[in-house]
Amino acid sequence: MSTETKPSERVTVETTLNGTEVEQTVPAGTLLSAFLRNHEYLTGTHRGCETAKCGACTVLVDGDPVKSCNMLAAQVDGATVTTVEGLADGEDLHPVQQAFWDCHGSQCGYCTPGFVTNVVALLEDNPDPSVEEIRSHLTGNICRCTGYTKIIESVQEAAARMDGDGK
Ligand code: FES
Ligand code: FES
């Protein structure tokens, strides 16, 4: 007998989302991006291409950056998910967010949540990345406004402020 889940079936997803335990029962075919935006109302996770190309929908699953348009909500059952809304410490922006603000790494801002979450993951793994390493890590994120120079500067500034401790 097949154990495949039919899209019409419903699944219960239990996850730690931005530090809070949540449980939602959703159609089995619900994408993680839709789960976050439509069921948890976390609209900081943006939808762009919805074909895993632009990176606007990037979130962290167990600390790793993933494109949430390319993953089912059911796949984060039991996992820890962090969206851009979960990065700040109260009123204090995460250093990566603050650096993007201070260095003008964002213009229209549509791509920014995806870049910021992906950069948080980068600096956790590599607190002092070279420009080439930054560019390589961010190849899956597209920005149509900034020309990328200010984004690279924002990442370098965030790394300097975080003083290589990855926090
Ligand atoms: S919306 Fe997910 S990669 Fe573009
Ligand atoms: S700031 Fe507009 S798409 Fe990146």
Side-chain angles (χ1 to χ4, degrees), residues 1-100 105-106 109-127 129 133-134 136-143 151 155 158-159 162 165-167:
M1 192 167 92
S2 171
T3 56
E4 237 174 68
T5 307
K6 296 191 181 84
S8 58
E9 292 177 5
R10 294 178 73 80
V11 294
T12 297
V13 180
E14 293 180 54
T15 181
T16 304
L17 178 55
N18 294 337
T20 301
E21 306 286 328
V22 302
E23 180 179 328
Q24 289 265 10
T25 299
V26 297
T30 302
L31 294 173
L32 178 56
S33 54
F35 177 83
L36 294 170
R37 291 178 57 88
N38 302 343
H39 295 270
E40 292 295 331
Y41 308 111
L42 294 170
T43 54
T45 298
H46 289 168
R47 283 178 177 156
C49 64
E50 298 196 279
T51 54
K53 291 190 175 70
C54 75
C57 65
T58 303
V59 300
L60 304 178
V61 174
D62 291 333
D64 294 325
V66 302
K67 292 176 176 176
S68 60
C69 72
N70 197 36
M71 191 170 188
L72 294 174
Q75 291 176 277
V76 302
D77 185 45
T80 296
V81 179
T82 305
T83 69
V84 71
E85 291 93 340
L87 297 177
D89 181 9
E91 296 292 305
D92 297 327
L93 293 177
H94 186 286
V96 174
Q97 293 173 302
Q98 191 64 55
F100 268 69
S106 178
Y110 201 83
C111 69
T112 308
F115 271 98
V116 166
T117 51
N118 205 2
V119 170
V120 168
L122 168 66
L123 297 183
E124 287 281 341
D125 285 345
N126 181 359
E133 287 170 331
I134 295 168
S136 172
H137 185 81
L138 295 177
T139 50
N141 291 77
I142 294 172
C143 176
I151 290 175
V155 179
M162 291 161 72
D165 67 359
K167 301 280 188 229

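- Take C111 and apply the side chain to side chain contact (heavy atoms under 4.5 Å, CB included) test, not counting sequence neighbours, and it matches F115, C143.
- E40 pairs by the side chain to side chain contact (heavy atoms under 4.5 Å, CB included) definition with L17, V22, Q24, F35, L42, not counting sequence neighbours.
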- Could you walk me through whether N18 and T82 pass side-chain contact (heavy atoms from CB on, under 4.5 Å), step by step? CA-CA 5 Å; N18 294 337; T82 305; 3.8 Å; yes
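- Contact detail for A79 and V61: the closest heavy-atom pair is CB-CG1, 4.0 Å.
- Of all the heavy atoms in C69 and A52, the pair that sits closest is SG-N, 3.4 Å.
- When the salt bridge (charged side-chain N to carboxylate O under 4.0 Å, His left out) test is applied to E50, the partners found at least two apart in sequence or on another chain are R47.
- In this structure, the separation between OG1 on T45 and CD on E85 is 5.5 Å, given to the nearest 0.5 Å.
- Residues satisfying the side chain to side chain donor-acceptor pair (under 3.5 Å) test with S136, not counting sequence neighbours, are none.
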- Message: If you apply the rule side-chain contact (heavy atoms from CB on, under 4.5 Å), what do you find for H94 with M162, and how did you get there?
- Response: CA-CA 10 Å; H94 186 286; M162 291 161 72; 4.1 Å; yes
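- The residue from I151, N118, V119, T117 that alone fulfils the side-chain contact (heavy atoms from CB on, under 4.5 Å) condition with N141 is N118.
- When all heavy atoms of G48 and C54 are compared, the pair lying nearest together is CA-SG, 3.8 Å.
- Residues in residues 19-37 take part in no salt bridge (charged side-chain N to carboxylate O under 4.0 Å, His left out) pair, two or more places apart or across chains.
- Residues H46 and G109 share a closest heavy-atom pair of CE1-O, 3.9 Å.
- Atoms CG and CD, on L93 and E91 in that order, are 9.0 Å from each other to the nearest 0.5 Å.
- Sequence neighbours left out, not one pair with a member in residues 51-77 passes salt bridge (charged side-chain N to carboxylate O under 4.0 Å, His left out).
- Between A158 and L123, the shortest heavy-atom contact is CB-CD1, 4.0 Å.
- Once rounded to the nearest 0.5 Å, the distance linking CG of L87 with CG of L60 reads 6.5 Å.
- Of all non-hydrogen atoms in Q97 and V84, the two that sit nearest each other are NE2-O, 3.6 Å.
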- Item | Verdict with supporting geometry, M71 and V76, side-chain contact (heavy atoms from CB on, under 4.5 Å) | CA-CA 9 Å; M71 191 170 188; V76 302; 4.0 Å; yes
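- Going from atom CG of L72 over to atom CG of L31 covers 6.0 Å, rounded to the nearest 0.5 Å.
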